[in-house]
Amino acid sequence: MATPEPHPISSRTRTVRVELGALAYDVMIGHGLLDRIHKFLPGRVEAPVAIITDNTVAKLLAQRIERRPEMANFLPFTLEIAAGEASKSLQNLSVLLSELAKKKIPRSGTVMGVGGGVIGDLAGFVAATYLRGIAFVQVPTTLLAMVDSSVGGKTGVNLPEGKNLVGAFHQPRLVVADLDTLATLPPREFAAGMAEVIKYGAIRDRALFDRVARGVTPQDADLAEIVETCVTIKARIVERDEFETKGERALLNFGHTLGHAIEKAAGYTRYLHGEAISIGMRAAAWLSVWHPETNLPEAEARRIEAALAANHLPTQLDPAVDRAAILAALGNDKKVAADGGNRWVLIKELGEAKSGLTVAPDLVARAVEFISQSS
Ligand SMILES: NC(=O)c1ccc[n+]([C@@H]2O[C@H](COP(=O)([O-])OP(=O)(O)OC[C@H]3O[C@@H](n4cnc5c(N)ncnc54)[C@H](O)[C@@H]3O)[C@@H](O)[C@H]2O)c1
Ligand SMILES: [Zn+2]
């Protein structure tokens with residue numbers, strides 16, 4: 001009998017190595033990887049494997065990993081939390097750590113996070129803190145987690161006082177990005193991940209930008225290549241600036257200075273992170289046009305707006321979001337600006353960014369006004 005046809009899109013598994021000396025690891029990107037995950041673990045991590053996931057991903061995907069007969073050697077068991085950003089909490093950290101302790105998971109054991117960035121950040125922090133740090137595997141199941149949060153070792157939880165205020169750098173031993181998992185991802189979540197993809201193109205890779213400007217869907221034949229390109233860009237930046245002390249990693253914040261302020265002003269429920277970043281990138285694109293140190297041609301700013309729209313991302317601020325609250329969240333006043341204020345990432349041309357720029361408060365106000373109009 002003929003063997004089944006390989007995945008029609010691309011059966012090739014791509015591997016990006018994140019070179020961090022003794023902490024180096026592989027990011028595997030491809031199709032059908034979840035059903036082969038037991039092949040990737042030996043030599044990298046040891047039993048038992050505590051799978052941490054959310055209740056949505058548990059049913060769709062994580063149970064498949066736990067129940068595979070070939071996984072039996074790894075003694076897998078699953079710990080499930082509720083889906084959603086609110087789960088990235090100290091309460092859940094405490095519950096999960098206690099579960100590992102009750103099960104007497106040894107230092108040689110492994111935490112495997114299966115889910116989006118919420119699960120990756122929380123499970124990673126569990127792995128970073130349990131017994132002062134045990135092995136961690138990332139299995140990202142959202143586009144955002146594949147191209148961004150699963151690579152680079154930032155883990156943590158939120159506090160009532162703000163997002164990501166507690167955390168640790170804890171690099172995974174392995175990242176397995178199975179593109180087939182995206183089949184069930186809601187389109188709005190896929191689009192939010194595309195905001196980060198467009199960001200990588202804008203700051204580092206004009207060819208990537210040109211490709212994604214045409215719009216990307218989960219079915220596209222070159223999705224693996226697109227994800228690989230993004231992961232490679234992030235890996236190279238993380239390698240040069242593992243702990244975000246040298247400015248290089250700050251480049252990843254293109255669109256994020258204003259994006260974070262929009263998320264805060266809108267109360268974290270109106271927009272997904274990627275949607276707020278989309279609007280923030282439109283603002284940063286026009287600030288790049290107006291700023292004397294970047295002088296981005298207007299046509300390039302318009303191309304960024306068009307790329308966001310082509311990927312079903314918002315570019316105009318919801319009028320219900322208070323613009324004064326955005327400026328307040330930025331601390332956009334003369335006093336803050338005088339001692340440095342916010343540092344912005346702006347672009348000189350598509351594919352080339354500059355970090356650490358200061359922007360005069362009146363220009364920031366102009367940008368917030370600008371994004372309130374349609375593009
Ligand atoms: N560590 C980092 O470097 C880094 C970088 C960027 C973002 N983050 C963090 O990532 C988080 C956002 O991650 P996210 O956008 O992946 O959100 P998420 O983890 O909340 O996932 C989004 C939703 O999709 C569901 N889901 C996940 N995979 C699915 C699938 N394959 N099919 C169907 N549904 C699925 C989840 O249950 C959830 O409801 C934020 O907390 C952010 O702070 C971290
Ligand atoms: Zn982001």
Side-chain angles (χ1 to χ4, degrees), residues 18 34 52-62 64 80-89 92 113-125 128 136 138-159 162-172 175 177-200 203 218 230-231 234-235 237-238 242-244 249-260 262-264 268-269 271-281 284 313 345:
V18 186
L34 280 200
I52 296 180
T53 190
D54 71 34
N55 52 351
T56 305
V57 180
K59 288 187 209 75
L60 292 168
L61 302 162
R64 244 169 67 200
E80 205 177 300
I81 57 153
E85 184 71 31
S87 283
K88 233 175 84 174
S89 64
N92 274 332
V114 182
V118 165
I119 286 295
D121 282 14
L122 173 64
F125 195 44
F136 179 45
Q138 286 265 23
V139 182
T141 64
T142 65
L143 180 61
L144 180 132
M146 289 181 187
V147 300
D148 191 355
S149 61
S150 67
V151 179
K154 279 193 185 176
T155 71
V157 297
N158 304 323
L159 291 183
K163 276 192 68 176
N164 298 322
L165 290 182
V166 183
F169 285 97
H170 189 60
Q171 301 292 342
V175 182
D178 183 342
L179 301 170
D180 293 344
T181 64
L182 300 177
T184 52
L185 191 66
R188 194 177 160 199
E189 296 285 351
F190 185 84
M194 281 307 300
E196 303 288 358
V197 174
I198 293 167
K199 175 192 80 178
Y200 286 117
I203 63 168
C230 295
V231 168
K234 177 136 190 200
I237 289 175
V238 166
E242 187 182 349
F243 299 109
E244 200 165 344
R249 208 161 166 159
L251 289 176
L252 298 168
N253 285 335
F254 179 61
H256 282 59
T257 308
L258 200 71
H260 285 148
I262 292 170
E263 285 184 288
K264 192 168 175 196
Y268 294 104
T269 45
Y271 291 116
L272 296 175
H273 172 72
E275 294 171 337
I277 295 321
S278 172
I279 300 170
M281 278 195 282
L313 283 159
V345 181

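As the structure is a prediction and not an experimental result, all values here were calculated from the model. Indexing begins at 1, ligand by ligand and atom by atom, following the structure's order.
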Subject >> Heavy atom of Glu196, distance to ligand 1 below 4.0 Å >> reply: no
**OP:** State the NE2-NZ distance between His260 and Lys163, to the nearest 0.5 angstrom.
**Re:** 6.5 Å
Subject >> Location of contacts on Leu60 toward ligand 1, heavy atoms closer than 4.0 Å >> reply: side chain
Original post:
Looking at Gly116, which atoms of ligand 1 are within less than 4.0 Å of one of its heavy atoms?
Top reply: 16 (O), 19 (O)
Original post:
Does ligand 1 have an atom that lies less than 4.0 angstrom from a heavy atom of Leu182?
Top reply: no
**OP:** Kindly assign one of parallel, tilted or perpendicular to the pair Phe169 and Phe243, based on the angle between their ring planes and the thresholds 30° and 60°.
**Re:** perpendicular
**OP:** May I ask you to identify the nearest protein heavy atom to atom 10 (O) of ligand 1, giving residue, atom name and distance to one decimal place in Å?
**Re:** Gly117 CA, 3.3 Å
Subject >> Ligand-residue contact atoms, ligand 1 with Glu85, heavy atoms, under 4.0 Å >> reply: 40 (C), 41 (O)
Original post:
Is any side-chain heavy atom of Tyr200 less than 4.5 Å from a side-chain heavy atom of Leu252?
Top reply: yes
**OP:** List the closest protein heavy-atom neighbour of atom 42 (C) of ligand 1: residue, atom name, distance to the nearest 0.1 Å.
**Re:** Lys88 NZ, 3.8 Å
Subject >> Subset of ligand 1 atoms that lie under 4.0 Å from at least one heavy atom of Lys234 >> reply: 3 (O)
Original post:
Can you find a non-hydrogen atom of Gln138 under 4.0 Å from ligand 1?
Top reply: no
Subject >> Residue part near ligand 1, for Thr155, under 4.0 Å between non-hydrogen atoms >> reply: neither
**OP:** Just let me know how Thr56 lines up against ligand 1, side chain, backbone, both or neither, with a heavy-atom cut-off below 4.0 Å.
**Re:** side chain
Original post:
With a cut-off of 2.8 Å, does Glu196 place any N/O/S atom under that distance from the Zn ion (ligand 2)?
Top reply: yes
Original post:
Looking at atom 33 (C) of ligand 1, what's its closest protein heavy atom, distance included?
Top reply: Thr184 O, 3.2 Å
Original post:
With a cut-off of 4.0 Å, which atoms of ligand 1 are near a heavy atom of Lys163?
Top reply: 43 (O)
Subject >> Salt-bridge criterion met for Arg249 and Glu242 (N-O under 4.0 Å) >> reply: no
